[in-house]
Structures are given as structure tokens and as C-alpha cells.
**Q** 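Dumping the structure here so I can ask a few things about it.
Below, read A as the first sequence line, B as the second, and so on, with proteins coming before strands; counting in each chain starts at 1.
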Amino acid sequence: MEELIRIKVEDSIFFIKKGTPLSQILSELPISEKPILFRSEGVLLDLSYPADRERELSLVFAGDPEALEVLRHSASHLLAHAVTDLFPGIQVGIGPAIENGFYYDFLRETPFTPEDLEVIEKRMREIAEQDQPINRLILNKEEAIRIFKERGQDLKVELIQEKGGSEVSCYQQGNFIDFCLGPHLPSTGHIKHFKLLSVSGAYWKGDERGPQLQRIYGTAFFTQKELDDYLNFLEEAKKRDHRRLGQELELYSTNEDLGAGLIIWHPKGAIIRHLIETFWKEEHLKDGYDFIYSPHIAKLDLWKRSGHTEFYDAMFPPLEFEGFKYQLKPMNCPFHIMAYKSRQRSYRELPLRWAELGTVYRYERSGVLHGLLRVRGFTQDDAHIFCRGDQLEDEIKGVIRLATKLLKAFGFENYQVYLATRPEKYVGRLEDWNKAEKALEEALKSSGLSYQIDEGEGVFYGPKIDIKIKDAIGRLWQCTTVQLDFNLAERFDLTYVGEDGNFHRPFLIHRALLGSMERFFGVLIEHYKGNFPLWLAPVQMVILPIAERHEAYARELQSVFRAEGLRVQVDDSREKVNKKIREAELQKIPLIAVVGDKEISNRSISLRIHGQGDRGQIEVESLIPKVKTLIQNKSLDINF
RNA sequence: GCCAGCGUAGCUCAGUCGGUAGAGCAGCUGAUUUGUAAUCAGCGGGUCGGGGGUUCGAAUCCCUUCGCUGGCUCCA
């Protein structure tokens, strides 16, 4: 007698034969739309999943957020299906869904071209339109290996041998078959709104010594609108690209003759950096920090003692002169430590909070360099805090408070916070680790920030907190990092004399809030889309005389405004006002003051605000305090 | 570092089959004296990223090197 399996769906209960597809029950359900997946105990299952045991099922429909990953995974199979159709003999690697889409890796002698992508996408649409069923197959391992061997899919054979149990699951659509856990959509016809985006190289299993595969990236959504929205988002991100805006707004440049990854800050970028740094210094002084300046190179022996020569692989080669080797600094810590060690320290003077906008040099591999975001010479907003164990929690609280205060001033209010704890290989004493991890977590709890714990993801020398900020279009950027360092404290034998007259080891906290000036500036440019708030705008106001006879008035106003501390320019080009306005708008200057006969007669200006258009006449004397208030408050918008 | 693509005037780009390099914007000069997103005209501007090779002849083909871009790897 055949075994019947009890299946509960919503309020209905079914008994179906063991091994038959769960989808059998669908015809009995009073539903107008067919689901694409089942959910059972929080796990998604194929519609064709065989009834194996008593289950309670819920239905998952197209458009359900958790089904998106399945859609994209099925889209990656569709991609591999099309590619194996079009390029016989090609080997397929792996093809998962990823955050914004999917990819599939292929092994092939000749790389794909952009034209290939078009052809592949076309073939994908054909297969999708044929609405081929996607079938789940359970094969025993030897059989699966035989099938993929026959097909010349050696990479898959390797995967099955590594990952497969005695039985392996495979998915098959038409003549394409893939080793895969699933689940998948019921048929290719459900994949309607997708687009292939790019092709790049990728290492097999992420190993740079292994073969290099061709990776095709794409994305897929349940509706055309979502796909369009995503493609628009990519366009929007392009418009915000700091490399493009950096050039258009003359903020910074790089130059082949200087060397890769080295940044020249032009006057308009430099003034912004100056303003950020001034703000940063003021806030640090308020929080009881002292400042340090340290040199850019130090004897190689210092870096041997710190362990950098042994553990840090981004150091430039050393320089040699007068019989000594010197090292360009990749970090500031050893210098601050030298300052600490310059004399004996007492428990009474802790905590010491020593900050430095310290410029460091790292030999980043050429392929990873990227605009301002990944460079070889950069200035960290660094600080090291030396404190006692009983001060640890308060110090970390203070760092988090200062970090969020600074970030909020720039309009970053949403964070993702991670606490990374002790990894398997670590240095330092276990009790110190425990104490530090507890202090970090307590500080996070009291900060009110939500956070997640990355168990065992800390670096070997200490636990850390990382804060990622969310920018204006929802992208995440890593800026703040707070790290305990048991390694350097040990290596440099840091001590203080305690109340008991004995030597004790201080805790060393290493922290950067904005990360680096270069990186933070790059993020800021994209966040603001080049529209810097008034307090940061390189040129806060441009005065546009309508005709030559108004220039004297424009100049007079310029000096009046300058005397008030405003950054003001006059556009005295022999152009029409329309042209001058266009130029000012393209330069994203926040305030545009048009002056002509009318304005001279009542000592006013006609105000135009970037992004807001003409705001009418306003008297000079009433304008000045309003503008100054906006600047003083670091207002992110201009509202009079 | 690896795979792929790209590098032409300050910027954005065109340049066919290998046959003496072009446009728009910007710049300069002149005219225009202008009221809320491009006034008109003229002029100057290039070792076609650098180096080497093939060829009667190279922006174009080949090699090499530097830089940039998208990924990969890396970011103790």
C-alpha cells in the first residue's frame, strides 16, 4: 500500500502520495494566481518538490521579495543555458544570485565581447518565451559525474566531487543541466524582465593561482518597472560619480606623471577639505583630544618592531640612505606610541586621546585603485586612545558619539554597524579580549544604534566596531572603524604606573571616524551630487552684473560679503545674464546674485538659489545675517 | 597583481580599407551692454599616452611600457 503524506496549506489539508510533486495540491486550492514556490519551515521549495514528509506549506507568488533571489538564480541558469547553446564546448562554473542581480562564470579561450552579450541576451529571451519547464533531478553521485563528464563540464565534475553527497540535486531545462541545490522557478517563462550588464574576469573559486574565468553579470526583476528603476539607479549613480564631478567642478585631479593613486587637491577641493578638517579639529578639542604631528617616514626597525614588515603587505619598498633603511609610513600608530613612550605614564593622566590627520602611503595593487576611494597616499582622521580597563567602555562610547555627531553634520543619519569579535587566531590575553568585547558591545547598546555581531570576524590583534554610512541614494560606505589593539601594546611594551605602584598595560584604541579625507571627500561628492551645502561650497555666491556699468556695484558687494567671511566671486565676463546663470548653475554655486539698475537703486540683489530658481529681490543688509546663519548651522538646505 | 576594454586639442568625442588629423564646448581677440540655464564673428591650439617594430607610408597593424575603466583577488 502506498504511503500518503499529510500536507497543510493555509486552512486546507491534503493527503498525497509520497514522492509525487507538491504542486498536485494547487488544483484543489481556490486561488486565482498560481504561486511560483512553496515555503515550508522558512525554506523555499520548488513547486515540483516531491512530497517527502508531513509539511505545512505557504504559497509564494511572483513579486514576493524572498522569491527575488530565486528569480535571479533561475535567470543565471537561463544565462548559462543560452551560453552553452551558443558556444558549444564552453565550460560553466558557478552562477549565483547576488545583491543586485546575478552572474555566471564560464571557462572559454576567447573572452566575450559586448556584441556577444547582446546575442546571449536575445537567446535568453527566446528560451524564456518557450517557457521550458525547469525540472529538479535527484541523481546518485556517480551518475551525475558521468553526465557532466560526457558533456565536458569538468568544472562541474570538480564541484560535485567536492560538494556532492551520495545523491546530488540537479536542475534541467531543455538540453541544459546544472548541478544546483535550487530552488528554482517552475519554468523559464517566469523570467521576463532581465538585462545582461557587463563581463569581467574572475578566478575559479576565487583563487588567483587558479584558472581565470569569464564572468557575465546581469540583473532580473519581477516587473519591468523594477528593472527600469534599477537601471535608472545605475544612471543616477553615474551622474554622481565623484571622478566625473571632481573634474567638472575642478575639485581634484590625478596625473599619470605623478603616479597612480596619488591625488592633487585643487583649490575648490582644498577649501572643502580645509573646512572639514577645521570642523573636525574643533570637535576633537571639545571632546578632550590632543593633536599630534608625525613624519612620513621612519626607520625600518620601527616597523619591524610593530610587526608591520611581517604582517602588513601594502608597504612601499624601503628607502636607504646613510646606512639605514627608512620606511614610508602605512599607518600612524607607531608614532603615537613613540610619543606615549617618551616618558613614564601614570594612571592619573589616562585616558590620553591623541589625534592626527596623518598622511599615510600604501602600496595598493594597481588594479584596485579607484578615484578618491582607493588611493596610495591618503590622510586618515586618525587617533589613538590610551586608557585603563575601567575607562574602556566610556572611551568607546565617546568615540561612537563623536563619530555619529560628525557624520550627522554631513547628512549621514543611517548606519549599519558591525561588531567583529575574536577570531580563531589571535594575540593578547583572553581576559582582555573578553573585557574589550564587552566594552564595545555595552557602548553600542547605550548608543542606541542597532548593530550586528560578526562572530570571529575580528582582526587578530583585537575586536572592532565598523560603521557603514548610507548615502543619499542608499549606497553603503565604510568610514568609521574603532579597533582595540593588543598587539602593538604588547610589542612596544606599553605601560603605565598604577595606583598600586606597579606597571600595567594600557588598552590601546585605534580609531578613524571619517576614514580618510580622500575617501570621505569622494563619498561626500557622490552623496551631495556635487551640490555642497552652503558651509562647504567652494564658492558660496557668485554675483552677476547684468551690464558692464553694474560691475562696480558687484565688486563693492563682493568686498562687503567677503568682509563677512563669505566666499564670493563676480562673473565679469562679457556674456549675457542667461549665459552667466547657466555657468553658475553648472558649477552648482548655491547662491546667485543678479545685479542691475533696479538692485543698485535700492541696494539689493536678485537672488537665485541653486536648484530653486529665481527667488526675487532681497536687500543686502537682510541677506547677510540669513546667509551667515545657514553657514553657522551647517544647514544642509537653503531655506530663508 | 590577474582577465577584459579604453587612451586623438583643456573637456566630450568623430576619424572608413594603413595614404599629410576633425567637430562641438572651453580658451584668446573683436563686436554686442545684455534681467534669470548657451549672442555673433574671427583666431590659436595635437610628437594621436610614452618607447620600439612592420611598412614606401602608422592615430589605424604588432610588441612593450605608463595610465584609466569594469570585475577578480587584496584591504594584517
**Q** In whole angstrom, give me the gap between the P atoms of B/U8 and B/C61.
**A**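 Approximately 15 Å lies between the P atom of B/U8 and that of B/C61.
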
**Q** Going by modelled atom types, is there a donor-acceptor pair between the base of B/G35 and the side chain of A/Glu599 at under 3.5 Å?
**A** yes

**Q** How far does the P atom of B/U12 sit from the matching atom of B/U54, given to the nearest Å?
**A**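 The same atom, P, in both gives a distance of 35 Å.
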
**Q** Does A/Lys579 make a side-chain N or O approach to OP1 or OP2 of B/U32 shorter than 4.0 Å?
**A** no

**Q** Does the distance from a Lys or Arg side-chain N to an Asp or Glu carboxylate O, for A/Asp301 and A/Lys299, drop under 4.0 Å?
**A**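 So A/Asp301 does not pair with A/Lys299 through a salt bridge.
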
**Q** Rounding to an integer number of Å, can you tell me how far A/Ile581 CD1 sits from B/A37 P?
**A** 6 Å

**Q** Do the two ring centres, one from A/Tyr361 and one from A/Phe316, sit under 6.0 Å apart?
**A** no

**Q** How far, in whole Å, is B/A23 from B/G71 if one measures between their P atoms?
**A** 36 Å

**Q** Counting only N and O atoms by type, is there a donor-acceptor contact under 3.5 Å from the side chain of A/Asp382 to the main-chain atoms of A/Leu357?
**A** no

**Q** Say we look at B/C3 and B/A38: how far apart would their C1' atoms be, to the nearest angstrom?
**A** 44 Å

**Q** Whole Å only: how far is the CZ atom of A/Arg549 from the C1' atom of B/U32?
**A** 14 Å

**Q** Would you mind telling me which residue lines up with the more 5' stretch of RNA chain B, A/Gly307 or A/Glu585, judged by nearest nucleotide?
**A**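 Nearest-nucleotide comparison on RNA chain B picks A/Glu585.
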
**Q** Is the closest side-chain heavy-atom distance between A/Phe194 and A/Leu227 below 4.5 Å?
**A** no

**Q** Counting only Watson-Crick or G-U wobble pairs whose two distances fall under 3.5 Å, which nucleotide matches B/G1?
**A** B/C72

**Q** Pick the C1' atom in B/U60 and in B/C6, then give their distance to the nearest Å.
**A** 15 Å

**Q** In the structure I gave you, are the side-chain heavy atoms of A/Arg215 and A/Val199 within less than 4.5 Å of one another anywhere?
**A**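 The answer is no; the side chains never approach within 4.5 Å.
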
**Q** Quick one: what's the B/S/- string for nucleotides 66-75 of chain B, heavy-atom cutoff under 4.0 Å, read 5' to 3'?
**A** BSSSBBBBBB

**Q** Is there a Watson-Crick or G-U wobble partner for B/C13 with both distances under 3.5 Å, and which nucleotide is it?
**A** B/G22

**Q** Taking the same atom, C1', in B/G49 and in B/C66, what whole-Å distance lies between them?
**A**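 It works out to 7 Å between them.
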
**Q** Using Watson-Crick or G-U wobble geometry with both distances under 3.5 Å, which nucleotide pairs with B/G7?
**A**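 Pairing partner, where one exists within any strand: B/C66.
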
**Q** Sequence neighbours left out, what passes side-chain contact (heavy atoms from CB on, under 4.5 Å) with A/Thr421? Give chain and number order.
**A** A/Leu419, A/Glu437, A/Ile453, A/Glu455

**Q** Figure out the OH/C1' separation between A/Tyr553 and B/G35, and round it to whole Å.
**A**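 It is 15 Å, rounded to the nearest whole Å.
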
**Q** Report the distance from atom CD1 of A/Ile216 to atom C1' of B/G5, rounded to the nearest whole Å.
**A** 15 Å

**Q** Considering just the side-chain nitrogens and oxygens of A/Asn578, establish if one lies under 4.0 Å of OP1 or OP2 belonging to B/A37.
**A**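 Indeed, a polar side-chain atom of A/Asn578 lies that close.
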
**Q** Using the P atom as the reference point in each nucleotide, state the distance between B/U39 and B/G45 in Å, no decimals.
**A** 26 Å

**Q** Say we look at B/C75 and B/G5: how far apart would their C1' atoms be, to the nearest angstrom?
**A**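 Pairwise C1' distance, B/C75 against B/G5, rounds to 25 Å.
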
**Q** Quick one: look up who B/U29 pairs with, Watson-Crick or G-U, both distances under 3.5 Å, and put none if it's unpaired.
**A**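 Here B/U29 is engaged in a pair, and the nucleotide opposite it is B/A41.
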
**Q** Is the closest side-chain heavy-atom distance between A/Ile609 and A/Ile592 below 4.5 Å?
**A**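 The answer is no; the side chains never approach within 4.5 Å.
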
**Q** Are A/Val539 and A/Gln587 side-chain neighbours, meaning at least one heavy-atom pair lies under 4.5 Å?
**A**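 Heavy-atom side-chain distance check fails, nothing below 4.5 Å.
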
**Q** Please give, in whole Å, the distance from B/G35 P to A/Lys580 NZ?
**A**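 Those two atoms, NZ and P, are 11 Å apart.
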
